[in-house]
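Reading through the structure tokens given below for one structure.
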Amino acid sequence: MGYKTREWRNSMRVTLDYNNMTEKFLGDKGFTDKQLSAYASTANAAFRYVKENRGKDELYMGWTELPYNQKEIVNDILDTAKNIRKKFQYFVVLGIGGSALGPIMAFNALCHLHYNDLPKSKRKGPKFYVEDNVDPVRMRDLLDVIEPEKTCFNVVSKSGATSETMAQYLIVLDLLTKAGVNVKDNVIFTTDAKKGNLKKISDELGGIKSYVLPDGVGGRFSQLCPVGLLPAAVLGIDIKGLLAGAAYMDSVCNKPSMRQNPALMSAVLQIAAMEQGKNVGVMMPYSDNLKYLADWYCQLWAESLGKNETLDGKPCNVGQTPVKSLGVTDQHSQVQLYTEGPYDKVVTLLSLKKYGCEMPIPHGCENIPDVAFLGGHTMEELIQAENAATAYALTKAGRMNYTLWIPELNAFTLGQLLFLFELQTAYAGAMLNINTFNQPGVEEGKKATFALLGKAGYTDKKQELDSLPAKDPKCVI
Ligand code: PA5
């Protein structure tokens, strides 16, 4: 593999601990060994389906090969990122959904939590923004804090037809033109190799620097291609480490037995729980750095598994609602519901064995034992104790939960987590016998927006919208 030593890689392995899903810890609320074993053949079939279809562009499974097939692209990205870091004060990603959640997640996971507030000497790269909405206030406020001529804009859209991203692009194009800047100097596209509007725009402008969003890679599976790698490299994140971590998890999961394959086992646990009516999947990192990993995961899980048709065309309504939660913050809000509300949830805890720092808690308030006991501990001990306490409280209340243990947070372990969740999603989709990689529900919303704003070719859709019954004023109170 060539990334650090084998010993180091093994010491950084992310592991799955699902004890708190079992009868031993949850009593009759947990799975017996027999119940889990009943999934062995379905799990094995899902494993074989994913393995046999790896890399197939026509099935949108090109993402499985991203850890291996990007050597030249990675070198190009590293060179480009170096220049961007030297030349620009600001780096702005324009994109939405799969084109934005990955960059946001990696930024938050591996950069200083107040990166943009650091002095330039400590940041070493441009200030970083990802604009994944078309709230006009947000756009106005972004423009208040950046200087367009000193900004590199990375426009990320596979289709080049997404209204949000293209509206932002038009605003930026206008600003740059008015500022007398050559668009080619300040804009980079990440888009489809051959089709789509960004390709056309690039050709018209005589070739904008463009990275390819590969054919077989859908938005939500694109963090490990230039969509995520370019912004990460600009931030100084070790992108080779991300890919090495993904490849490492791929090798860990290259086992047909669910008892040895953490992605396959977590898919089985979720599917088995869903079959018992646990329709809510809570993703709860005990780490501020991983707060947006939960967002990224929510898109992956929801958009991939929320489907109304099986692969053989039978109607179905499947999927599990992902919920993001942050430890310890949400211990003081949502955890009440998780421990005493309906038995409809599985909680995934993301737990760090080591944080980036310990942060000692000084002794003080010695006359007040309720406070003094904290002195001499560290904040790391405190957050870890609270994490253990939540796992305990959930388990005591008979609530399914499992933990992904992360030795420490770095590019290699983040790469493992991404690949683990992608594989887990692909296995779960195979078990549900659905198309994991399409998103007709999202497309429907895009088409309705086109119709409402008068895009050519959408008159039928506009008529469909206009033919809705008039609103009943009685229902507006
Ligand atoms: O996962 C997906 O496919 C979506 O979230 C897309 O990434 C999102 O809709 C943006 O699409 P595009 O890249 O075509 O602009």
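Numbering of ligands and ligand atoms starts at 1, following listing order.
Taking the six-membered ring for Trp and the full ring otherwise, the centers of Phe419 and Trp63 sit less than 6.0 Å from each other. The aromatic ring centroids of Tyr3 and Phe412 lie less than 6.0 Å from each other.
In terms of protein heavy atoms, atom 6 (C) of ligand 1 is closest to Gly98 N, 3.9 Å. Protein heavy atom in closest approach to atom 14 (O) of ligand 1: Ser159 OG, 2.7 Å. Lys446 NZ, 3.1 Å is the protein heavy atom nearest to atom 9 (O) of ligand 1. In this structure, the protein non-hydrogen atom closest to atom 2 (C) of ligand 1 is Glu303 OE2, 3.1 Å. In this structure, atom 13 (O) of ligand 1 lies nearest to the protein heavy atom Lys158 N, 2.7 Å. Ile96 O, 3.6 Å is the protein heavy atom nearest to atom 8 (C) of ligand 1.
Contact of the Thr165 side chain with the Val155 side chain is registered, since non-hydrogen atoms from C-beta on lie closer than 4.5 Å.
Atoms of ligand 1 lying under 4.0 Å from at least one heavy atom of Gly97, given by number and element, are 5 (O).
In this structure, Ser99 has a heavy atom closer than 4.0 Å to ligand 1.
Distances from atom 5 (O) of ligand 1 to the heavy atoms of Gln299, Arg220, Gln439 show the closest one on Gln299.
Salt bridge Asp250/Arg54: present, at least one basic N to carboxylate O contact under 4.0 Å. Salt bridge annotation for Asp238-Lys240: absent, with no cationic side-chain nitrogen under 4.0 angstrom from a carboxylate oxygen.
Ring geometry for Phe107 versus Tyr115: interplanar angle over 60°, hence perpendicular rather than tilted (30 to 60°). Between Trp296 and Phe421, the angle of the ring planes lies from 30° to 60°, which puts this pair in the tilted group.
At under 3.5 Å, a nitrogen or oxygen of Thr162, whether backbone or side chain, sits near a nitrogen or oxygen of ligand 1.
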